[in-house]
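To start, the structure under review is shown below, and the notes come after it.
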Amino acid sequence: MSASTPDHTLSDSTTGGENPRLRYNASLAQDIEQRWQDQWELDGTYEAPNPAGPLAEPEKVADRPKLFVLDMFPYPSGAGLHVGHPLGYIATDVYARYKRMTGYNVLHALGYDSFGLPAEQHAIATGVHPRVNTEANVANMRRQLRRLGLGHDARRSVSTTDENFYRWTQWIFLKVFNSWYDETEKRARPITELEQGYANGSIATPDGRAWADLNTTERRSAIDARRLAYLSEAPVNWCPGLGTILANEEVTADGRSDIGNYPVFKKSMRQWTMRITTYADRLLDDLERLDWPEPIKLMQRNWIGRSEGARVHFATPAGDMTVFTTRPDTLFGATFMVISPEHPLVDALTTEENRQAIQDYRVAATAKNQFDRTDDTKEKTGVFTGTYATNPVNGAPVPVWVADYVLMGYGTGAIMAVPCGDQRDFDFARRFSLPIPAIQQPPAEWFTSRELEVQQGSQVDTSTWPEAFIGDGVYINSSNDDLNLDGLTSVAEGKSAMNAWLEEHGRGNANINFKLRDWLFSRQRYWGEPFPIVYDEDDQPVSLPDSMLPVLLPELEDFKPQALDPNDDVTDPIPPLARSTEWREVVLDLGDGPKKYRREINVMPQWAGSCWYELRYLDPTNTENFVDPAVEKYWMGPADGGDGKTGHTGGVDLYVGGVEHAVLHLLYARFWHKILFDLGHVSSSEPFYRLFNQGYVQAFAFRDPRGQPVPASDVEERDGAYWYEGEKVSREYGKMGKSLKNIVTPDEMYDEYGADTFRLYEMSSGPLEASRPWNTRDVIGMQRFLQRVWRNLVDEDTGRSLVIDAPPSEELRKLMHRMIEGIRADMDALRFNTAIAKLIQLNNALTQESAAVGGSPREVVIPMIQMLSPLCPHIAEELWQRLGHDHTVTFVPFPVADQSLLVEETIEYPVQINGKVRTRLTVPNEADQATIQALALADEKVIAALDGEVPKKIIVIPGRMVNLVV
RNA sequence: GCCCCGGUAGCCCAACGGCAGAGGCAGCGGUCUCAAACUCCGUACGGUGUGGGUUCAAAUCCCACCCGGGGCACCA
C-alpha cells in the first residue's frame, strides 16, 4: 500500500475503540484474495479440458456443453493498465464463471498482442532490445491482472511474439500465399489445383495461350497473378523520419506520423498485399448470420462499400476509357466526363494548348492534403483537357475534364457526369457553364417544394433548378434508334434496360464495385513476424517448406531503422533486417539442391497475430498443428452441427471488446478465418459468432487557469467548484491518460478496497455497453455492501459463524426466489449492474432478518454466496469454505428459483381515474377481471372520486392496474 | 452535411406502453463516542432535454427540435 493512502479502517487508535479484528476491509480482502488466487493456481481450477490433442482430458469434457468466451487481447504497453482496461475482462470473467455454474465447460484465457511499433520505438529510444521491454511489460500486466482474480486458463496465455506462436502465423501466411480464389466456386483453393486447371485447360491462362506453350517464367507469373498473397507495386504511407511505412491509422489527418510527428509521403513501393477484395461479397453477406451489434455491422458494410452499377466504355482519341456508374440509366444525360488528376490517360488526352493548365492543376492537386481535397464545402475546381470522348448511347461529343473531386482509388478513377441527376456534377456544370439537359421528369411536388412553377415535358428547364433531381421520375430525352427509356417510370427499369443495351453493343456491362481495397501486408520494421519467403536468383519469391519454420527474427546488435532526413521522400527505405547479411543471404536446399537465396527483409504488420490468436488458445501447446481439428470443432464448430456454409457459422461464443476495432482487426480476422475454412483447416466459417462492445471508462480531468492539466486525484470539490492548491480549476470529461493527469490504476484500487470491491464497482456503475465516468469516491459503496455481507455471516470479533439452521421468514424466502429468478436473467443478458442491485437488495433484507432473529438463515445464505461468486469470487470462496465446504464454489450449480414461490397470493392494484392514481386495492391473486372491476367500483374512495358519474370505460389489466375513464 | 447511440433526483444509474425508483455515491436526521472516524437505523429531493402527436394510459411508440458521445464524409 502506498504510504500516502489513509486507511481509517486499520488505524490503531489508543484513545478509542479499534475496529474489529475481522472486519472486511482492504487488508482482510487482500489477505483473502491472495490466498485464493494461490489456491486456484495450485489447483488449476480454471483449466478447461480439451476433447483431443495435447491438453486432452476427454473424461472431463464428457457431454457438458461448451462455451468459448474471448476478450480482445491487450497490447502490452509500458504504461500498464488503468481502471478502464479491465471493464471487459471483468465482464467476461463474470459471465464465464456464471456459465461454469450452469454446467458449461468454459474456455477463457488471455494472451498478448506483443509485436508492434511502440515496443520498437521504445527500444530505439533506450537501446534495449524490444523483446526485453515487451516481456517486462507482459510480466507487469500479468501481475496487475492476476490480482483481479480472473478465472483464466493460464496454460493458454499465448503471446504473438512467442516463437511457438509466430511459427504458425508464418505457416498460415504460407497457406494464404499458396492459395488462389476460385470465383466460380467462391472459395480459396490450393495453388496446386490452379496449376492443374491451367494444365488441363479448365482454367484459362491470363493471356489465353495454352499452358504447354508457356515457359517457366510465364507459368510462374500466371500462377503468381492469382495468389491470395502477392507482391505489388503500391502507393504507401512512407515516413522517412521513422524509416518505415505506416498503416493508414498511424497517420494523422494532417499527413504526419502519429508517433514522432514526422511528415508522411505517398510513395510507390513493392509490397506484400493480400487479396481481401476477393472475399468482399462473403465478408458482406455473412454479416447477416452473425450476432453482432447492428452499428458494427453497418460500419463493416460501409467499409466494404458494395455498390451495384455498370461499367461503360467511352471512345476517346486515346482509346476506350471506362467509367463506373451506379446510374447507367442516366447515360443519355452524360454531357461531360471528369477524370482524376492521377488518371493514367491524363497526358494522352491533354491537347497542347491545355498542357500547361493541366500540369499546373495536377501539381496543385498533389500539394493539397487529404483534408482539403475531401472538404466538400469548397467549390469544385477543374481543367478541360481539350479532348472530347463519345457518348456511346447517342454519339454526342463529351468534353473530358480533370478535377480532384474524382478519386483515383475508387472505381476506374473516371466518371461520366450527369449534371441533372448528380449534385456534384450539377455544381461542376454550373461552375463551368456546361450544359445540363434534363433526362427525367421530376414530379410536381419536387417543383412546388422548391417554390418553382411545375415544369412538364418540353417546359422542363434545368437552368431554373436550384439543385439536381435524384430519384424516380419518368424518363425524357432518353432514346436512340434501338433503345427507348422515355416513359419508363422507375430507375430500376431504366437501369436494366440500359445495361442490356450496353452489353449487347459491347459498350459496357453491369458491374459491382467495392470500396474495399486489397490489404497492404508488409512493414519496414524490425519487431514483427519475418516472412517465410526467400527470393531466388531471378528475384522471384519462393515459399519455405513447413520444416524450415519458424523463420526467427535475427538478433541484431542495432535494430534501428536507417536514419533518414524526415523530409527525404526520395530515398528508399532499408528495413533493419537488411543489415544482417548473414541472415539475409542464405544457401538452402528447397528440393533441387543447395542454392543461394535472399530472405524477405520486410516483416508482417501488427494485425497478423490478432488474425488467428483465438485459434491458438484452443490448443496452445500443439506442435503438429496450429490447432487440432477435433479441438477446433469442439470449441468453435457451428452450433447447429452444419457445415458452416449456411445456418450457424460457428466461432467464438462471446467476443467482448471496444468498438475501436470495428473494421480493421475484425475484418482482417474474418478474412483469414475464411481462408482457413475454405482450405479445410477449421470447421467454423466465421471466427467470432457473437460480438459485444463494452463501453469505455472515462474520467474527469482538470486544468488550471493557464490551461495546464493538474493531478485529478488532488482536486477538491467545494461549493460546486473545483480547487487545486487553492486555485480554481476547470473540469472536462474525456479519456483517461497520462497527459491529462487523470489516470487511476487497478493497483490503487486493490490497495484501497480489494479486487472484489473493484470488480463490483466496475460492474455496477452502469450497463456494460455504456461508457461511464470513473468516480473513485463511489467505490466505497460496494465495499460497504461486501462488509455487510461478511458481517451477516461472520462475527467480526471472533470469526464465529452467524449462520443459523432455522428457516427464513416466508417473506425473505419469497424475496430470495424472486431475486434468483431476476439475477439469472440478468446474468444471461450481461446485465451485471442490475444483478448486483438485486444482490444488495437481498442482503439488505437478510440484514434486517438477521438482526431480528439473531442469525442468518442458511437457506438464504447458501444461494446468496453462490450468486455472489461470479462477481466477487474471492470473498465467495472464503465464505463458502467458512460454511464448511471443502471444494471450490466454482462448479457448484447456480441457484434455481422455485417458481411456486414467485407467485404472490394477493396483488395490490392501483386504481386510476383518468390515468391518475386515486386508491389501491388488495385483491386475491386468482380474482378475475369482473371481480376486480366490482371491487374497484365498490371502493369508498372511488365512489367519492366519481361523485356519481358513471365511467365511460373501465380498463382492467390483470396483475397490473385498473383505470376508470369518465 | 449524413448515419448511429444516449439525455430520468446534486452524481452514477433502475423501471414487460400500466403506481417514476431497484441499487450505489453525496446530503440531512438519529445511533455509537468525552469527541471524531467507522458502523448501524431512518430520511428529503425530480415528474423523465424541449415542443407536438398516438393511446384509457407515454420515461417507454411516432414526428420535429436542442444538447452530449461516436462513426462516415466528393465513393460516381
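Given the structure is predicted, the values throughout are model-derived calculations rather than measurements. Computed from heavy atoms alone, side chains included, the values below leave out hydrogens, waters and symmetry copies. Here is how names work: the chains are called A, B, and so on, in the same order as the sequence lines, proteins then strands, and each is numbered from 1.
Remark: A/Arg791 is in phosphate contact with B/C40, judged by side-chain N or O atoms under 4.0 Å from OP1 or OP2. Taking only side-chain nitrogens and oxygens, A/Asn844 never comes nearer than 4.0 Å to OP1 or OP2 of B/A22.
In this structure, the ring of A/Phe692 has its center no less than 6.0 angstrom from the ring center of A/Trp292.
Residues meeting the side-chain hydrogen bond (donor to acceptor under 3.5 Å, both in side chains) test with A/Asn775, sequence neighbours left out: none. A/Trp774 meets the side-chain hydrogen bond (donor to acceptor under 3.5 Å, both in side chains) test with A/Thr776; sequence neighbours excluded. Residues passing the salt bridge (Lys or Arg N to Asp or Glu O under 4.0 Å) test with A/Asp518: none are found, sequence neighbours excluded.
Within the 4.5 Å cutoff, the side chain of A/Asp826 has no heavy atoms near those of the A/Phe832 side chain. Taking the side chain as every heavy atom from C-beta outward, A/Asp795 and A/Leu22 never approach each other to under 4.5 Å.
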Listing time: all N or O pairs from protein to nucleotides 53-60 of chain B that are below 3.5 Å?
from, atom 1, to, atom 2, distance (Å)
B/C56, O2', A/Asn963, ND2, 3.2
B/C56, O2, A/Asn963, ND2, 2.7

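Atom CG of A/Leu298 is separated from atom C1' of B/G71 by 9 Å (rounded to the nearest Å). Between the CD atom of A/Gln300 and the P atom of B/C3 there is a distance of 22 Å, rounded to whole Å. What separates CZ of A/Phe785 from C1' of B/C38 is a distance of 19 Å, to the nearest Å.
Atom CD1 of A/Ile955 sits about 7.5 Å away from atom CE of A/Met961, to the nearest 0.5 Å. Rounding to the nearest 0.5 angstrom, the gap separating the CD atom in A/Glu811 from the CD atom in A/Glu849 is 8.0 Å.
Base pairing of B/C2 is made with B/G71, judged by Watson-Crick or G-U wobble geometry with both donor-acceptor distances under 3.5 Å. The partner of B/G47 cannot be assigned: no Watson-Crick or G-U wobble pair with both contacts below 3.5 Å exists in any strand.
Ranking B/C25, B/A22, B/C41 by closeness to the A/Ile780 side chain, first place goes to B/C25. The side chain of A/Asn833 approaches B/C13 more closely than any other nucleotide in the set B/U39, B/C41, B/C13. When distances are taken from the side chain of A/Pro295 to each of B/C4, B/C41, B/C25, the shortest belongs to B/C4.
Counting any heavy atom pair closer than 4.0 Å across all strands shown, A/Ser764 reaches no nucleic acid atom.
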Tabulate below the donor-acceptor pairs under 3.5 Å that side-chain atoms of residues 694-701 of chain A make, not counting sequence neighbours, or state none.
from, atom 1, to, atom 2, distance (Å)
A/Gln694, OE1, A/Gly657, N, 3.4
A/Tyr696, OH, A/Glu660, OE1, 2.4
A/Gln698, OE1, A/Tyr733, OH, 3.4

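Near RNA chain B, defined here as any heavy-atom distance below 4.0 Å, the residues from residues 766-774 of chain A are A/Pro767, A/Ser771, A/Arg772, A/Pro773, listed numerically.
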